[in-house]
Colleague: 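Please read through the structure below; I'll follow up with questions.
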Amino acid sequence: MGYRVVVAGATGNVGREMLNILAERQFPVDEIAVLASRRSLGTEVSFGDRTLKTTDLDTFDFTGWDIALFAIGSDATKKYAPIAAKAGCVVIDNSSLYRYDPDVPLIVPEVNAHAIHGYSKKNIIANPNCSTAQMVVALKPLHDRARIKRVVVSTYQSVSGAGKEGMDELWDQTKAVYNPVSEVPPAKFQKQIAFNVIPQIDDFMEDGSTKEEWKMVVETKKIIDPSIKVTATCVRVPVFVGHSEAINIEFEDFLDEDEARDILREAPGVMVIDKREPGGYVSPIECVGDYATFISRIRQDSTIDNGINLWCVSDNLRKGAALNAVQIAEVLGREALKKG
Ligand SMILES: NC(=O)c1ccc[n+]([C@@H]2O[C@H](COP(=O)([O-])OP(=O)(O)OC[C@H]3O[C@@H](n4cnc5c(N)ncnc54)[C@H](OP(=O)(O)O)[C@@H]3O)[C@@H](O)[C@H]2O)c1
């Protein structure tokens with residue numbers, strides 16, 4: 001016997017990827033419902049070799065459904081997640097709404113799968129921000145060996161992190177640069193994204209950082225260790241899929257770069273590609289469609305006592321969202337629901 005699974009936001013970037021990954025990983029699905037807003041009623045989406053038609057989330061009855069994978073943004077989640085949870089369906093949510101709620105576990109299975117049992121307080125589990133998910137996969141095995149004191153991270157985040165409208169904006173602006181028949185002014189992003197980079201993701205906070213940067217700080221603490229200090233600069237770049245991060249890590253104990261490389265080679269969810277030659281590293285375009293978090297450019301930071309620099313790249317729609325959500329569903333099934 002398998003699970004009755006709901007995918008809410010099935011017409012979106014993350015929702016479509018969740019359907020792909022459920023099929024690829026042969027998650028034990030007995031029945032599946034694909035939901036979106038009324039706007040896209042009847043829109044066709046693929047699930048393995050099947051084509052499914054979306055129905056309206058607003059009129060859906062969650063009674064008798066086991067797991068709901070949500071990727072609909074915080075506003076809609078606020079309305080619908082409590083309804084699903086109350087009906088006995090466990091919600092695995094991609095929005096930021098519940099991530100900082102002490103009664104909701106925030107999970108990256110390679111790092112803190114043990115936190116899964118906290119789900120029963122609200123019947124809700126949160127998926128982290130895409131830039132946090134890939135970073136903690138890289139940090140955790142190094143923290144276990146040498147205790148991380150401080151992380152300085154700069155991100156290079158793709159436009160798919162801003163949903164399907166973000167991808168359309170880059171595409172349309174790029175075409176308009178070559179064929180300037182009509183102007184495509186910034187809408188989803190604050191400035192032109194084509195042939196540009198934008199040092200702002202999400203809204204500004206009082207201290208001058210952005211909400212995206214704040215998310216990386218608090219989520220890393222919740223998932224790995226509250227004692228880790230993180231300072232982040234998050235930047236949107238004209239890449240369709242794949243987030244990259246330059247990460248500087250200061251440890252309590254000395255960690256040699258060769259040992260760091262060996263630890264990361266053995267770490268779950270990590271693939272090390274690190275040759276000190278032209279092209280001997282991973283760029284975002286090469287990680288699209290992959291499950292791994294790729295690590296390259298591992299090297300000592302000689303400006304501090306115990307420092308390592310590295311380059312970290314992953315498919316933000318997969319490890320940063322859909323894959324992580326399905327992995328959480330797998331842990332939930334194995335550890336708690338025990339069907340399939
Ligand atoms: N993209 C990433 O890298 C990433 C990573 C981590 C987390 N997330 C989070 O995942 C969520 C979805 O992101 P996305 O990139 O997939 O966005 P997206 O491509 O814009 O898709 C949004 C989806 O939500 C549905 N939706 C929106 N409002 C709704 C409502 N009121 N009722 C029912 N359905 C509604 C849309 O349905 P319609 O087509 O009918 O409008 C669509 O299926 C967001 O919370 C985002 O922050 C995204």
Side-chain angles (χ1 to χ4, degrees), residues 96 98-102 104-116 118 125-157 201-202 205 207-235 243-257 259-264 266-270 272 293-314 316 319-320 324 327-328:
S96 58
Y98 290 103
R99 289 181 194 154
Y100 319 110
D101 183 330
V104 172
L106 177 65
I107 294 185
V108 174
E110 294 88 342
V111 178
N112 65 337
H114 57 84
I116 195 83
I125 302 167
N127 213 33
N129 186 40
C130 37
S131 44
T132 310
Q134 67 184 69
M135 184 170 81
V136 296
V137 168
L139 294 184
K140 177 65 165 61
L142 301 176
H143 183 60
D144 287 345
R145 159 64 182 81
R147 311 294 302 168
I148 295 173
K149 281 166 68 174
R150 178 171 185 254
V151 174
V152 183
V153 55
S154 301
T155 71
Y156 307 74
Q157 294 180 225
I201 301 180
D202 213 330
M205 315 231 348
D207 68 354
S209 59
T210 63
K211 190 97 191 283
E212 184 84 353
E213 291 157 358
W214 174 85
K215 287 176 200 166
M216 293 192 78
V217 175
V218 293
E219 292 177 21
T220 303
K221 287 176 183 288
K222 184 167 175 178
I223 296 167
I224 307 186
D225 187 334
S227 73
I228 297 177
K229 292 179 184 165
V230 178
T231 180
T233 302
C234 293
V235 180
H243 286 359
S244 307
E245 298 172 346
I247 308 177
N248 175 266
I249 313 163
E250 184 179 1
F251 297 93
E252 277 175 23
D253 304 327
F254 179 75
L255 179 62
D256 177 74
E257 60 187 23
E259 190 184 349
R261 200 174 292 107
D262 288 344
I263 290 170
L264 288 166
E266 297 298 318
V270 173
V272 174
T293 293
F294 292 90
I295 310 289
S296 308
R297 306 285 325 275
I298 301 163
R299 62 207 190 277
Q300 222 77 49
D301 173 6
S302 58
T303 66
I304 49 175
D305 285 343
N306 302 324
I308 291 280
N309 285 308
L310 53 84
W311 174 249
C312 171
V313 183
S314 195
N316 55 295
K319 187 58 203 167
N324 199 68
Q327 286 176 304
I328 292 172

Colleague: For Phe251, enumerate each residue passing the ring pair (Phe, Tyr, Trp, His ring centres under 6.0 Å) test, keeping only those at least two apart in sequence or located in another chain.
Modeller: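 For Phe251 there are no ring pair (Phe, Tyr, Trp, His ring centres under 6.0 Å) partners, ignoring immediate neighbours.
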Colleague: To the nearest 0.5 Å, tell me how far Ile107 CD1 sits from Ile116 CD1.
Modeller: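 The distance works out to 4.0 Å.
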Colleague: Of all the heavy-atom pairs spanning Ile223 and Pro128, show the shortest one and how long it is.
Modeller: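 Reported closest heavy-atom pair: CD1-CB, 3.9 Å.
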Colleague: Any side-chain heavy atom of Glu245 sitting closer than 4.5 Å to one from Ser154?
Modeller: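 Side chain of Glu245 against side chain of Ser154, heavy atoms only: no contact under 4.5 Å found.
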Colleague: What I want to check is whether the side chains of Thr132 and Glu219 have a donor and an acceptor closer together than 3.5 Å.
Modeller: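 There is such a pair (donor and acceptor under 3.5 Å, judged by atom type) between the side chains of Thr132 and Glu219.
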Colleague: Tell me yes or no: between the side chains of Asn127 and Asn324, is some donor less than 3.5 Å from an acceptor?
Modeller: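 Yes, Asn324 and Asn127 have a side-chain donor paired with an acceptor closer than 3.5 Å.
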Colleague: Do you know which two heavy atoms are closest between Arg299 and Leu310, and how far apart they sit?
Modeller: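 Nearest heavy atoms, Arg299 then Leu310: NH1-N, 4.3 Å.
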Colleague: For Gln300 and Ser302: C-alpha separation, side-chain torsions, deciding distance, then whether side-chain hydrogen bond (donor to acceptor under 3.5 Å, both in side chains) applies.
Modeller: CA-CA 6 Å; Gln300 222 77 49; Ser302 58; over 6 Å; no
Colleague: Have a look at Val152 and tell me which of Thr233, Ile249, Thr231 forms a side-chain contact (heavy atoms from CB on, under 4.5 Å) with it.
Modeller: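 Per the side-chain contact (heavy atoms from CB on, under 4.5 Å) rule, the option paired with Val152 is Thr231, out of Thr233, Ile249, Thr231.
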Colleague: Suppose we screen for ring pair (Phe, Tyr, Trp, His ring centres under 6.0 Å). Which residues come up paired with Phe254, at least two apart in sequence or across chains?
Modeller: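 Ring pair (Phe, Tyr, Trp, His ring centres under 6.0 Å) list for Phe254, sorted by chain: empty.
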Colleague: Go through the side-chain N and O atoms of Asp253 and Asn306 and say whether any donor and acceptor fall under 3.5 Å apart.
Modeller: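 No pair is found: no donor N or O on one side chain lies under 3.5 Å from an acceptor on the other.
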Colleague: Do the side chains of Glu110 and Lys319 get close enough for a salt bridge, i.e. N-O under 4.0 angstrom?
Modeller: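 Salt bridge: yes.
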Colleague: How long is the straight-line distance from CG of Asn112 back to CG of Leu106, given to the nearest 0.5 Å?
Modeller: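 If we round to the nearest 0.5 Å, Leu106:CG and Asn112:CG are 7.0 Å apart.
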Colleague: If the threshold is 4.0 Å, N to carboxylate O, is there a salt bridge linking Lys221 and Asp225?
Modeller: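 Salt bridge flag = no for Asp225 with Lys221.
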Colleague: I'd like to check Ile201 versus Val235 (side-chain heavy atoms, cut-off strictly below 4.5 Å). Are they in contact?
Modeller: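 Result no, sub-4.5 Å side-chain heavy-atom pair not found.
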Colleague: For a side-chain contact (heavy atoms from CB on, under 4.5 Å) with Val230, tell me which candidate from Ile224, Val218, Thr220 qualifies.
Modeller: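 Going through Ile224, Val218, Thr220 one by one, the side-chain contact (heavy atoms from CB on, under 4.5 Å) with Val230 is satisfied by Thr220 alone.
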Colleague: Are a donor atom and an acceptor atom from the side chains of Asn129 and Glu212 found within less than 3.5 Å of each other?
Modeller: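 Note: Asn129 and Glu212 side chains meet the donor-acceptor criterion.
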Colleague: Can Arg145 and Glu259 be counted as an ion pair, charged N to O under 4.0 angstrom?
Modeller: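 Looking at Glu259 together with Arg145, the answer is yes, because their closest N to O distance falls below 4.0 Å.
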Colleague: So, do Pro141 and Glu266 sit near enough that their side-chain heavy atoms are less than 4.5 Å apart?
Modeller: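 Pro141 vs Glu266: side chains apart.
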